[in-house]
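Structure first, commentary second.
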Amino acid sequence: MNRVRLQALFDDAPLARRAVARLVEAGVPPAAIELRSATPQPSLPGAGGRSWIPLAALVGGCLGALAGVSIASLTALDRPLVTGGMPIVAPFPVGIIAYEATALGAILATVARAVYEAGLRPRRTPVGPLDAQLAAGGVLVEVVTADPALGRSCLGDARRLALVPEERPGS
Amino acid sequence: MTRWAMAIDLDRCTGCEACVVACHAENNIRLVGPEEAARGRAIHWLRIERYYEGEYPDVRVRFVPVLCQHCGAAPCEPVCPVYATYHTDEGLNAMVYNRCVGTRYCANNCPYSVRFFNWHAAPWPDPLQRQLNPDVAARPAGVMEKCTFCVQRIQRARQQAADEGRELRDGEVQPACAESCPTRAIVFGDLDDPDSRVARLSRSGRARRLLEELGTHPAVFYLARGARESSGEP
Amino acid sequence: MNPEDERLLLAPVERGSRGLRLGLVASALAAGVLCACWGYQIAHDLGVAGINRPVFWGVYITNFVFWIGISHAGTLISAILRLTGAEWRRPVTRCAEAITVFALAVGGLFPLIHLGRPWLFYWLLPLPNARGLWPNFRSPLLWDVTAIGTYFLGSSLYLFLPAIPDLAALRDRATGWRRRVYTWCALGWRGTPRQWHALENGIRVMAVLILPVAVSVHTIVSWDFAMSLQPMWHSTIFGPYFVAGAIYSGIAILVAVMAALRRGLGLGRYISETVFDNLGLLFLTMALVWAYFTFAEHLTVWYGNEPAEMAVFWERVSGRYAPAFWTMVVLNFAVPMLVLPFRRGRRPGPASLVAVGVLLGMWLERFLIIIPSLANPRLAYTVGRYVPSGVEWGITFGAFGLFVFLYHLFLRCVPAVSLWEMRAGAAAESDTSLAPEPAREGVR
Amino acid sequence: MRRRRFLQNSAAAAAAAMLHACARDEVAFIEQAVARSPHGPGESVWRGSVCQQCPAGCGVRVRLVDGDAKKLEGHPAHPVNRGGLCALGQAAVQELYHPDRLRGPWRLSRGQPSGAEPLDWEVALEELAQRLARAARSSPQGVWIGCGSVSWPAQYLWRRLAAALGLPPPVRLRSVEWEVEREAARRLFGLEDWPYFDLERADLVLSFGAPYLERWRSPVHYARALAEQRQEPRSRRGRSIHVEARLSATAAAVDRWIPVRPGGEGWLARAIARELLALGRASERAAAHYRRWFPGPDPPPESLATRCGVPQEAIAELARELAESERPLVLAGGPMAAQRHGLFHVAAALALNVLLGNLGREGGVLRPRRFDLERNLPPAPPLATLAAGLQRLRGQAPQAIVICDADPVHMLPPASGVEQALHGASFVAVMAQFLDDTALLADLCLPLHAPLERFDIVEPEAALHTAAIGVGAPLVEPLGATRHPGDIALALARALEVGEALAWPSVGALVEQVLQDLHRRTAPGGTGDFWSFYEDVLDRGGLWEERPALDGLEAAAPREPIPEPKLDRDASREPSLLLAFETHVRTAEGRGLHLPWIQQLPDLLSTVMWDSWIEMARADARRIGVRTGDRVRVSVEGQAAFEAFVVESPAAAPGVLALPLGGGQRDYGRWARERGVNPLRWLGAGEVEGVGLPAWGPVRARVEAAGPGRAALFGRGLRAPEDRPLRR
């Protein structure tokens with residue numbers, strides 16, 4: 001029996017939240033529900049929670065610093081050429097290199113972590129009829145279910161409602 | 001341990017510039033031609049700087065032969081990103097042509113302006129190339145060059161001494177400039193050997209060094225004009 | 001924010017315009033000049049440039065410092081504004097960050113252009129190699145390489161991260177190959193609360209991280225000079241001096257670019273007078289800071305009265321370079337002081353004119369810092385002269401072309417004003433939603 | 001041993017094969033030289049030779065690698081240069097490999113580029129022989145031979161050839177001032193030679209115009225002497241004072257420079273003499289001599305002071321210093337000698353030595369010592385003096401002119417009439433290494449060996465108190481089909497059937513014979529193996545007495561008085577005075593300027609490279625609105641003359657313009673062609689009184705701005721930063 005994808009566009013976050021509540025009561029597994037918006041909606045479920053990005057930045061920074069110090073000093077020791085009467089491993093330059101490397105490490109770690117936490121990876125995403133209107137504001141609630149009636153029963157107060165037959169992989 | 005150094009007696013120097021041509025002949029220094037020379041691209045590893053003091057009719061002129069000072073703490077060395085210039089353990093400020101990528105930073109950081117850049121490749125119209133010194137590399141375009149204290153002569157002398165199984169003698173190594181000098185104003189030798197002529201001259205009361213206050217520890221000593229005092233001078 | 005705003009902001013990307021196409025072609029030609037001149041120089045050796053002995057560095061390094069300075073517009077400013085949560089930042093950030101990335105790209109070319117043997121540039125990178133030799137990290141040039149590398153990477157990511165939602169929006173509207181490209185770029189962005197959360201956190205942390213890098217970059221550029229013994233280079237305040245100058249010129253180009261976008265793409269509604277008014281105040285402040293540093297620098301030299309330095313000093317203020325020097329003072333100080341304090345002076349028209357003047361002035365400042373010092377070395381016998389050659393001017397001009405070209409490409413690919421941030425801004429104004437409830441478990 | 005056999009063989013071979021003898025024998029010699037060297041390929045071989053860049057005759061050591069000459073060094077033991085070698089000498093090796101050297105005989109058409117065609121030596125020599133024969137037949141006086149070569153064999157063989165053909169003796173081609181100095185020496189000291197000035201042992205050296213640290217006589221020798229005079233063993237540092245209108249490199253290097261009014265040198269000398277006589281420093285006899293040389297009444301001190309432009313008290317002080325010093329020495333010469341009153345200037349100055357009584361004394365003026373090379377050779381009349389030669393040239397236009405290794409067109413002012421004569425003559429043959437201004441006017445151009453390619457003996461032209469000769473042997477293969485000028489003379493002798501008068505198969509053989517003679521005379525009792533002596537001489541590149549000797553020198557009994565200039569009111573309306581000067585590398589001969597090393601050598605004071613320049617006072621420059629590096633147009637005595645770069649000098653006297661000698665060659669190779677200005681072309685100034693040579697010297701001139709230029713200056717800075725005037 002084929003499943004359908006229900007899309008409901010709500011004007012604001014509270015309405016959307018209530019709709020989600022109804023769906024869950026109606027026994028829809030939370031995993032089947034997805035919320036989307038064109039602007040950050042801090043009040044939506046899932047928007048809170050703690051983020052490990054700062055920690056990642058810290059770790060990345062430390063690794064970067066380590067890399068910086070080692071590359072600046074080990075390469076010098078590898079070819080111990082004295083120049084300008086300076087020590088072979090000169091503290092100031094090593095410090096400067098380490099400083100930049102720290103920043104680099106932290107930046108890379110931050111981006112990587114952010115992408116990971118957002119679960120982003122290059123892929124196609126199915127787009128329903130209502131996605132385009134999301135830009136004008138509001139919150140989109142999407143349910144993948146076997147029973148189209150859910151739409152009317154739980155998502156009645158949506159501004160717009162749409163129903164798309166779910167294309168099966170392989171069919 | 002050897003530390004090569006030079007002493008130039010300004011009381012003997014008459015500014016005849018024989019040393020300049022000798023340097024060209026020894027080190028395969030390229031001809032740049034009038035146009036390039038007018039653009040400030042002439043290359044003279046060794047130059048006689050002249051400074052006027054006073055105005056006509058009572059004018060004095062000072063000559064200072066200026067070449068690479070082979071500084072003990074050379075400002076040109078640390079700024080080279082590719083180690084094209086570095087310090088040998090004999091105190092020479094060595095220049096490795098084929099490491100150079102031509103940032104010209106060393107030249108900017110040399111307070112003595114004794115570093116030169118090869119803005120173009122060197123032309124040697126035939127048969128002029130037959131004069132080229134086989135012991136000295138010709139420089140490609142895009143690299144720095146400067147006085148080497150005639151390192152090739154140092155090598156040759158050391159080789160010969162080794163062949164004869166003995167130490168280098170004082171005065172055995174003579175850079176082209178010193179050897180050509182009509183007045184014997186230029187003395188070259190090992191500063192670490194307290195009895196070498198150059199060492200004794202460096203202790204003379206007339207001895208000065210160029211821009212010493214910058215802390216570059218130049219290896220070239222200039223003996224001021226005027227009567228020598230007996231102390232120590234050979 | 002309604003659909004026709006949307007359409008207007010996306011128009012350059014989706015439909016383009018005659019003006020844009022023309023600009024693209026023109027700037028491409030200008031960039032061509034750079035390629036042609038550089039090619040000629042590589043073929044005929046660096047001798048075709050006007051640099052000589054003792055002026056070993058000329059307009060190439062001037063351009064390098066200038067463009068790296070320019071790059072401080074975007075990232076630095078947008079980061080500061082984001083962290084301070086200034087609302088008027090919303091229309092500014094994107095086009096500012098873009099300036100950074102492209103200015104860095106252009107500026108980064110010049111160290112290569114000025115190399116005697118540019119094909120060996122990779123010898124400056126710490127790569128394992130046959131010569132068994134690593135680069136010398138004691139050289140400020142290596143500090144440049146690391147700092148600018150970091151800054152370029154960082155600010156590119158800092159431009160990309162906030163652009164993801166807009167790329168997704170473009171993906172959803174595009175078709176054909178463009179859709180495929182955007183799909184890849186948008187990293188499958190869907191706009192779920194969790195994604196928004198991660199994105200905003202990421203941006204905030206990045207803003208914190210990029211600031212010290214930006215500051216360090218131009219400090220290190222200044223150290224290329226300050227580390228040397230050249231008269232009037234060996235100065236302790238060069239770091240902050242250069243950073244101030246960089247931000248100053250950065251704001252100048254930001255003002256100029258935004259005025260251009262405003263007229264060219266008709267974005268007046270978003271890049272509003274208030275934006276210019278605020279930027280103008282920042283601009284004025286930096287003018288004062290720059291003037292303060294310049295004064296301090298010259299005062300200390302003059303009062304110290306050290307012969308070698310005085311030679312350079314007089315060369316600048318009353319010698320061969322006096323015309324350039326006083327032009328710089330007028331453009332960078334007098335004019336801004338006369339115009340920017342007044343609200344009407346901070347309007348797009350006058351402000352952008354002042355900005356163009358300041359850009360020229362700052363270029364001159366870089367020139368005046370580099371050339372007179374080199375032309376008057378400590379041993380006065382070797383006094384030098386420097387007249388840039390046609391090739392050098394060609395490359396200088398071409399660099400501007402290249403920048404404009406890259407910026408045009410950018411306008412054709414990403415909306416110049418961040419859609420979602422504008423939306424968020426609009427939403428924030430008209431936000432009447434109730435206090436958020438605790439989020440439900442397990443909702444993705 | 002192998003050496004001897006080789007030489008005998010080669011000599012025999014040479015004798016047998018007439019014309020190419022020399023060439024073959026030389027090649028053989030080189031092969032031998034290389035074969036004999038213990039070093040393999042790529043190794044350096046050092047051989048002795050003699051420098052011929054100027055008449056000083058320095059001994060050199062040549063570094064050879066694989067048959068190519070790489071570097072020249074001074075010979076440490078040679079009395080002339082004692083190990084030093086000047087810029088020009090260093091550059092000789094570049095001349096050897098100059099791409100524009102003449103590598104074969106040419107038929108030229110008097111400067112027209114068209115019609116120049118290469119010839120075989122046979123043809124060339126044949127033609128030259130016929131022309132000479134014909135001219136000699138019509139009138140021996142109609143053949144004019146000029147010789148500027150410093151090679152003794154060249155001079156001797158050409159003198160000998162001229163004699164054999166019944167032609168007048170060849171003319172010594174030297175620049176005017178050399179001849180004037182010689183005339184002064186003849187009149188004061190009765191020398192047919194240049195006196196030697198024992199500078200090293202003098203404690204006060206007063207020089208009038210003589211640029212003895214630049215190019216005068218032997219700059220290397222005198223520079224070294226000055227250095228020693230200042231320092232080596234002596235306890236008290238010697239003093240040196242230089243009198244000249246312009247601050248020359250010599251003036252800059254000595255302890256004190258006394259600027260005089262151009263043309264005032266002689267009067268300063270007279271003023272000093274006056275003081276010395278007053279101080280009673282001079283002996284009766286000396287005073288008497290002086291009175292006969294300068295019979296005219298002494299002008300009053302103040303007038304003398306104004307004539308030389310030196311304040312009276314300065315003169316008095318100078319005289320006192322001279323009078324008080326133990327071993328004073330006065331030198332004179334240089335461009336000053338070529339002025340109209342050059343003889344007066346030089347003589348008046350040199351006469352001071354007589355008054356100071358330092359003739360023939362340590363640190364004084366000495367009689368030069370020479371090996372008499374020709375004692376046991378077939379006699380040949382000496383070279384005619386330049387004055388006599390020019391006399392003859394002006395007398396009747398010669399039919400045939402032969403010039404050997406000199407560029408009279410360039411080094412003599414137009415008034416000498418050489419150029420017209422060359423144009424007028426029906427046949428001109430020039431022996432030269434390069435296509436110089438004289439060769440350009442030739443019908444026949446015969447290319448010469450470079451010194452390192454040939455056997456040679458060079459006598460220092462201005463001899464020392466130590467007899468010395470330099471001996472050169474062919475050390476490198478000739479670059480082209482070139483010859484030794486002496487070998488050309490020998491070939492001509494054979495072709496003209498006077499071979500028995502010049503019976504040497506080659507110059508090499510002549511050199512060998514002379515050395516044999518010298519061996520007999522110098523080696524104790526003529527003992528010792530000649531061949532080892534010969535080899536030793538060739539290896540050292542010469543033969544010289546080990547220690548100097550003091551040969552007495554007396555003041556010559558004055559015959560006629562020295563002509564004094566009469567005070568002529570300067571009628572000219574031109575604002576400034578233009579004079580020419582020598583530098584280390586720029587002489588009237590203009591030799592060396594065809595070498596890039598020399599062209600690119602920054603002038604010591606102006607730092608100009610690659611061109612001529614006009615030196616002037618800053619104020620004058622400002623007045624006409626030019627600054628260093630700009631171009632100016634110079635007009636001499638009212639007519640437009642030339643353009644040159646301006647160089648402001650803090651040492652230039654207001655109203656005095658100075659222009660370096662040399663330069664302005666029409667060809668002379670790619671690096672000299674049309675470069676700079678030849679002052680002699682413009683500075684002609686009547687005749688040197690009492691010598692009969694065309695004078696050149698200060699002329700009235702005017703300069704005006706001719707637009708900005710880009711002079712090639714190596715150092716633009718004039719003063720050390722700490723000397724910068726304070727700005728207020």
Side-chain angles (χ1 to χ4, degrees), chain B residues 32 35-44 47-51 62-64 66 75-86 96-121 139-144 210-211 213-216, chain C residues 42 44-57 61 111-112 114-125 131 133-145 224-225 227-231 233-234 308 370 373-375 377-387 389:
Chain B
V32 304
E35 295 75 17
E36 285 288 286
R39 281 201 199 87
R41 274 98 182 264
I43 299 182
H44 296 292
R47 63 174 181 266
I48 312 284
E49 295 197 345
R50 65 90 190 81
Y51 291 107
R62 282 194 294 124
F63 302 132
V64 190
V66 178
C76 58
E77 288 168 355
V79 298
C80 176
V82 290
Y83 285 119
T85 181
Y86 74 102
V96 185
Y97 304 124
N98 43 14
R99 272 186 207 158
C100 179
V101 296
T103 66
R104 306 188 293 295
Y105 199 165
C106 53
N108 283 352
N109 205 18
C110 172
Y112 306 96
S113 324
V114 290
R115 294 182 147 265
F116 297 84
F117 187 68
N118 286 277
W119 301 98
H120 288 290
R139 281 75 63 185
V143 306
M144 297 301 304
L210 220 48
L211 298 178
E213 65 275 16
L214 295 178
T216 52
Chain C
I42 291 175
H44 294 80
D45 300 330
L46 201 56
V48 298
I51 30 183
N52 57 46
R53 175 180 166 281
V55 187
F56 286 96
W57 289 353
I61 298 299
L112 303 189
H114 111 297
L115 278 189
R117 304 201 285 177
W119 49 91
L120 298 178
F121 74 94
Y122 61 91
W123 287 5
L124 273 71
L125 307 177
R131 292 163 296 132
L133 200 68
W134 300 99
N136 171 12
F137 283 98
R138 277 164 290 196
S139 165
L141 296 184
L142 258 290
W143 312 347
D144 275 337
V145 172
D224 287 349
F225 306 101
M227 291 304 115
S228 92
L229 288 170
Q230 282 289 341
W233 276 10
H234 194 55
I370 295 168
S373 283
L374 290 179
R378 290 184 183 273
L379 296 184
Y381 178 84
T382 324
V383 173
R385 289 195 311 186
Y386 172 57
V387 184
S389 75

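By convention in this document, chain letters (A, B, ...) are assigned in the order of the sequence lines, proteins followed by strands, and residues within each chain are numbered from 1. A quick note: this is a predicted structure, and the numbers were derived from the prediction, not measured.
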Legend entry - Which portion of Ile61(C) sits near chain B, non-hydrogen atoms under 4.5 angstrom: neither
Legend entry - Heavy-atom pair of closest approach, residues Gly40(B) and Asn52(C): O-CB, 3.8 Å
Inset, instruction - Apply side chain to side chain contact (heavy atoms under 4.5 Å, CB included) to the pair Tyr386(C) and Arg39(B), showing each step before the final yes or no. - result: CA-CA 9 Å; Tyr386(C) 172 57; Arg39(B) 281 201 199 87; over 6 Å; no
Legend entry - Between His234(C), Arg385(C), Met227(C), Arg378(C), the one whose heavy-atom pairs under 4.5 Å with chain B are most numerous: Arg378(C)
Inset, instruction - Below 4.5 Å from any heavy atom of chain B, which atoms of Phe225(C) appear? Answer side chain, backbone, both or neither. - result: backbone
Inset, instruction - Would you give the length of the straight line joining atom CZ of Arg47(B) to atom OG1 of Thr382(C), rounded to the nearest 0.5 angstrom? - result: 4.0 Å
Inset, instruction - Kindly state each residue pair satisfying side chain to side chain donor-acceptor pair (under 3.5 Å) with at least one member in residues 98-112 of chain B, sequence neighbours excluded. - result: Tyr112(B)-Thr216(B)
Legend entry - Segment of Ala49(C) engaging chain B (4.5 angstrom heavy-atom cut-off): backbone
Legend entry - Which portion of Arg115(B) sits near chain C, non-hydrogen atoms under 4.5 angstrom: backbone
Legend entry - Proximity breakdown for Pro54(C) and chain B, heavy-atom pairs closer than 4.5 Å: backbone
Legend entry - From Cys110(B) atom SG to Phe56(C) atom CZ, the distance as rounded to the nearest 0.5 Å: 9.0 Å
Inset, instruction - For Phe116(B) and Arg53(C), run side chain to side chain contact (heavy atoms under 4.5 Å, CB included): C-alpha distance rounded to whole Å, both residues' side-chain angles, the deciding distance at 0.1 Å, then the answer. - result: CA-CA 7 Å; Phe116(B) 297 84; Arg53(C) 175 180 166 281; 3.1 Å; yes
Legend entry - Contacting moiety of Ile43(B), where chain C heavy atoms sit under 4.5 Å: neither
Inset, instruction - Please report the shortest heavy-atom distance between Asn136(C) and Cys80(B), naming the atom on each side. - result: ND2-O, 2.9 Å
Inset, instruction - Check whether any side-chain heavy atom of Val82(B) sits under 4.5 Å from a side-chain heavy atom of Leu124(C), and report yes or no. - result: yes
Inset, instruction - Locate the shortest heavy-atom distance separating Cys100(B) from Leu120(C); write the atom from each residue and the value. - result: O-CD1, 4.4 Å
Inset, instruction - Give a yes-or-no answer on whether the side chains of Arg138(C) and Tyr83(B) include a donor-acceptor pair shorter than 3.5 Å. - result: yes
Legend entry - Which atom of Ala121(B) lies closest to which atom of Asp45(C), heavy atoms considered: N-OD2, 3.4 Å
Legend entry - Stepwise side chain to side chain contact (heavy atoms under 4.5 Å, CB included) check, Leu379(C) with Val66(B): CA-CA 10 Å; Leu379(C) 296 184; Val66(B) 178; 4.1 Å; yes
Legend entry - Check against side chain to side chain contact (heavy atoms under 4.5 Å, CB included), Ile51(C) and Trp119(B): CA-CA 9 Å; Ile51(C) 30 183; Trp119(B) 301 98; 3.6 Å; yes
Inset, instruction - Return the option, out of Cys76(B), Pro140(B), Gly142(B), with the maximum number of heavy-atom pairs under 4.5 Å with chain C. - result: Gly142(B)
Legend entry - Listed partners of His44(C) passing ring-ring contact (aromatic ring centres under 6.0 Å, His included), at least two apart: Tyr40(C)
Legend entry - Contacting region of Leu374(C) [heavy-atom separation from chain B under 4.5 Å]: side chain
Inset, instruction - Tell me, for Trp134(C) versus chain B, whether the close heavy atoms (under 4.5 Å) come from the side chain, the backbone, both or neither. - result: backbone
Legend entry - For the student: nearest non-hydrogen atoms of Pro75(B) and Leu229(C), plus distance: CG-CD1, 3.5 Å
Legend entry - Contact summary for Ser113(B) and Pro377(C), nearest pair of heavy atoms: OG-CB, 3.4 Å
Legend entry - Tyr381(C) backbone acceptor or donor facing Tyr51(B) side chain under 3.5 Å: yes
Inset, instruction - Heavy-atom pairs under 4.5 Å with chain C are the metric here; pick the option from Val79(B), Val101(B), Leu210(B), Asn118(B) that has the most. - result: Val101(B)
Inset, instruction - Check whether any side-chain heavy atom of Gln230(C) lies under 4.5 Å from a side-chain heavy atom of Pro111(B), and answer yes or no. - result: no
